[in-house]
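Just below is one structure, and these are the notes that go with it.
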Amino acid sequence: MEGVTVLIVCAGPSGLATAACLSQFSIPYAIVERESSSASLWRNRAYDRLKLHLTKEFCELPHMSYLVDAPTYIPKTLFVKYLDDYVERFNIQPKYLTSVESSTYDNDEKCWSIVAKDMSKCTTVKFTAKFLVVASGENSAGNIPMFPRLENFTSDVIHSSSYRSGKSYSGKNVLVIGSGNSGMEIAYDLATHGANTSIVIRSPIHVMTKELIRLGMTLAHRLPLNLVDKLLVMAGYLIFGDLSQHDITRPKMGPMTLKSETGRSAIIDVGTVGLIKKGIIKVQGSISKIKGNIVKFQCSKRMSFDAIVFATRYKSTANMWLKNGESMLNGNGLPIQKYPNHWKGENGLYSAGLARRGLAGIATDAKNIANDIKSVMDSMSS
């Protein structure tokens with residue numbers, strides 16, 4: 001049994017940021033990670049062409065900026081290097097290959113009791129902690145929704161977390177399901193590598209340029225969101241035109257308000273819309289069923305595909321191991337409280353990186369958690 005003041009679960013950006021903020025107050029902690037490295041999602045489960053969708057000033061973790069000569073939009077490899085430098089700078093030492101299996105709050109001892117598995121030794125490790133930080137994030141596991149007879153699809157089916165490049169799909173018919181930023185960018189990558197690409201767009205989306213999003217985030221600090229939204233929608237229309245003729249519709253809620261209220265991001269176009277307009281990427285509607293390698297859409301169209309890529313988000317796995325977390329997380333492992341009150345539960349329970357606010361939200365969560373823990377500890381010692 002190892003007793004710690006704070007136990008942080010997961011050494012992704014959320015866990016690393018929380019560890020760094022705690023270290024600023026000299027608060028002792030332990031951080032456990034089920035994978036063999038930190039930031040495994042970015043290191044091992046992100047496609048090759050990925051860049052951070054926001055400018056670097058919105059993508060920094062607490063207490064460490066990017067180098068002055070870093071590009072405005074950070075590529076995946078450079079972001080992983082940034083995280084490695086972050087670990088070194090704050091002397092963060094995760095316990096790798098340590099998977100938390102359960103955690104419960106002990107009302108008698110007033111602490112959290114955590115059971116984990118050391119996967120390298122196949123042994124059980126136990127912790128007690130005054131404070132518990134759920135930093136496993138909203139992207140813990142790929143989420144492939146249920147489709148009728150998907151299990152009978154005779155060709156490749158992968159989640160976007162397993163997608164790296166379109167090189168191996170040249171000349172093949174590929175269907176991308178999901179029209180978030182990952183889905184739209186993967187569709188572009190496939191098409192530019194010679195795949196015959198279709199994408200399912202089921203929900204209304206805002207399509208913006210990266211410059212518009214940067215402008216919007218800057219103006220949001222000075223102007224009402226509804227005014228910023230009007231400016232962005234108007235500019236987006238001038239740039240992209242009426243996309244409804246290509247089966248792309250806009251949400252009623254503006255892009256900044258939509259992000260604030262629901263966590264859903266606008267699409268930052270990397271060239272996908274241009275290929276859709278040219279007919280190189282085909283937009284499809286909802287799927288009604290799958291039979292063999294034939295996909296039937298609700299418009300009755302049938303098409304044969306060699307592969308399906310599900311860019312259908314991820315899901316939180318916190319509820320698989322966290323017990324007594326009802327004060328903070330709902331049944332989907334996401335915060336009950338809306339931003340900005342989402343990060344704190346009862347009995348010393350916290351969450352970092354679950355508010356769908358990107359790296360800027362992670363930085364805010366980490367600072368709030370460290371400040372709150374310091375405040376509680378100061379009040380206990382006074």
Side-chain angles (χ1 to χ4, degrees), residues 46-54 72-73 75-76 155-158 160 163-216 232-251 255 258 264-288 290 293-312:
Y47 47 93
D48 294 344
R49 62 169 289 117
L50 177 65
K51 292 184 179 180
L52 299 186
H53 292 130
L54 302 180
T72 303
Y73 294 89
K76 178 184 79 168
S155 299
D156 293 341
V157 176
I158 64 169
S160 57
Y163 180 88
R164 294 295 171 268
S165 168
K167 291 179 182 178
S168 60
Y169 295 97
S170 179
K172 296 183 178 180
N173 299 327
V174 185
L175 177 64
V176 179
I177 298 176
S179 54
N181 276 297
S182 294
M184 294 290 270
E185 190 162 357
I186 287 172
Y188 176 83
D189 189 60
L190 284 163
T192 55
H193 279 100
N196 303 312
T197 308
S198 294
I199 183 169
V200 171
I201 300 181
R202 294 173 293 179
S203 303
I205 54 176
H206 285 291
V207 181
M208 299 279 139
T209 65
K210 59 187 179 183
E211 292 80 12
L212 282 179
I213 292 298
R214 185 181 193 182
L215 175 63
L232 293 182
V233 170
M234 186 184 305
Y237 185 85
L238 289 173
I239 293 170
F240 297 105
D242 181 9
L243 295 178
S244 62
Q245 58 187 306
H246 302 286
D247 297 319
I248 300 174
T249 58
R250 283 200 308 263
L258 188 69
R264 286 179 56 199
S265 298
I267 303 306
I268 300 175
D269 183 53
V270 296
T272 312
V273 170
L275 297 186
I276 288 173
K277 288 181 175 181
K278 293 176 181 178
I280 296 173
I281 296 175
K282 307 289 194 303
V283 175
Q284 309 295 346
S286 296
I287 294 171
S288 61
I290 297 171
N293 65 344
I294 304 296
V295 176
K296 181 180 179 182
F297 299 95
Q298 288 187 354
C299 62
S300 297
K301 183 191 298 183
R302 298 170 184 265
M303 295 181 68
S304 172
F305 291 99
D306 301 303
I308 298 177
V309 180
F310 280 91
T312 44

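Residue numbers run from 1 in the order of the sequence given. Just so it is clear, the values below take in all heavy atoms, side chains as well, and ignore hydrogens, waters and symmetry mates. From a predicted model like this one, the values you see are computed outputs, not experimental measurements.
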Query raised in the report: Under a 4.5 Å cut-off applied to non-hydrogen side-chain atoms, are V207 and I205 in contact?
Result: yes
Could you pull out every donor-acceptor pair under 3.5 Å between side chains of residues 173-184 and any protein atom, sequence neighbours left out?
residue : atom : partner : partner atom : Å
N173    : OD1  : N196    : ND2          : 3.0
N181    : OD1  : I268    : N            : 2.7
N181    : ND2  : A266    : O            : 3.0

Requested in this report: Find the distance between CD1 (I158) and CG (D156) and round it off to the nearest 0.5 Å.
Outcome: 7.5 Å
Query raised in the report: About how many Å separate OG1 of T272 and CG of D189, when rounded to the nearest 0.5 Å?
Result: 9.5 Å
Query raised in the report: Closest heavy-atom contact between G166 and H193?
Result: O-CB, 3.4 Å
Can I get a per-line list of side-chain donor-acceptor pairs under 3.5 Å for residues 233-249, giving both atom names and the distance, sequence neighbours left out?
residue : atom : partner : partner atom : Å
D242    : OD1  : S244    : N            : 3.1
D242    : OD1  : S244    : OG           : 2.7
D242    : OD2  : S244    : OG           : 3.1
Q245    : NE2  : D242    : O            : 3.1

Query raised in the report: Under 4.5 Å between any side-chain heavy atoms of I281 and I199, yes or no?
Result: yes
**Report entry** Criterion side chain to side chain contact (heavy atoms under 4.5 Å, CB included) on L232 and M208, from CA distance to verdict
**Finding:** CA-CA 8 Å; L232 293 182; M208 299 279 139; 4.1 Å; yes
Report task. Go through the structure and list residues passing salt bridge (charged side-chain N to carboxylate O under 4.0 Å, His left out) with R250, not counting sequence neighbours. Result -> none
**Report entry** Distance-minimising heavy-atom pair for T197 and A191
**Finding:** OG1-N, 3.4 Å
**Report entry** Enclosure of K277 NZ (heavy-atom neighbours >12, cutoff 6.0 Å)
**Finding:** yes
Requested in this report: Please tell me if the side chains of V283 and S198 come closer than 4.5 Å, counting only heavy atoms from C-beta onward.
Outcome: no
Report task. Say whether D306 and Y169, considering side chains only, have a donor N or O and an acceptor N or O under 3.5 Å apart. Result -> no
Requested in this report: Output the distance between atom NZ (K76) and atom CG (L52), rounded to the nearest 0.5 Å.
Outcome: 11.5 Å
Query raised in the report: Backbone N or O of L212 within a donor-acceptor pair of the T209 side chain at under 3.5 Å?
Result: yes
Query raised in the report: Residues in side-chain hydrogen bond (donor to acceptor under 3.5 Å, both in side chains) with T192, at least two apart?
Result: none
Report task. Sort and list the pairs that fulfil salt bridge (charged side-chain N to carboxylate O under 4.0 Å, His left out) and have at least one residue in residues 202-211, not counting sequence neighbours. Result -> none
Report summary line: To the nearest 0.5 Å, atom NZ of K301 lies from atom OG of S288 at 12.5 Å
Query raised in the report: Strictly by modelled atom types, are S304 and N293 linked by a side-chain donor-acceptor pair under 3.5 Å?
Result: yes
Requested in this report: Hey, could you give me the CD1/CZ distance between I294 and F305, rounded to the nearest 0.5 Å?
Outcome: 9.0 Å
Requested in this report: For residues F297 and G285, report the shortest heavy-atom separation together with the two atoms involved.
Outcome: CD2-O, 3.4 Å
Query raised in the report: How far does CD of Q284 sit from SG of C299, to the nearest 0.5 angstrom?
Result: 7.0 Å
Requested in this report: Using the test side-chain hydrogen bond (donor to acceptor under 3.5 Å, both in side chains), find all partners of R49 that sit at least two apart in sequence or belong to another chain.
Outcome: E185
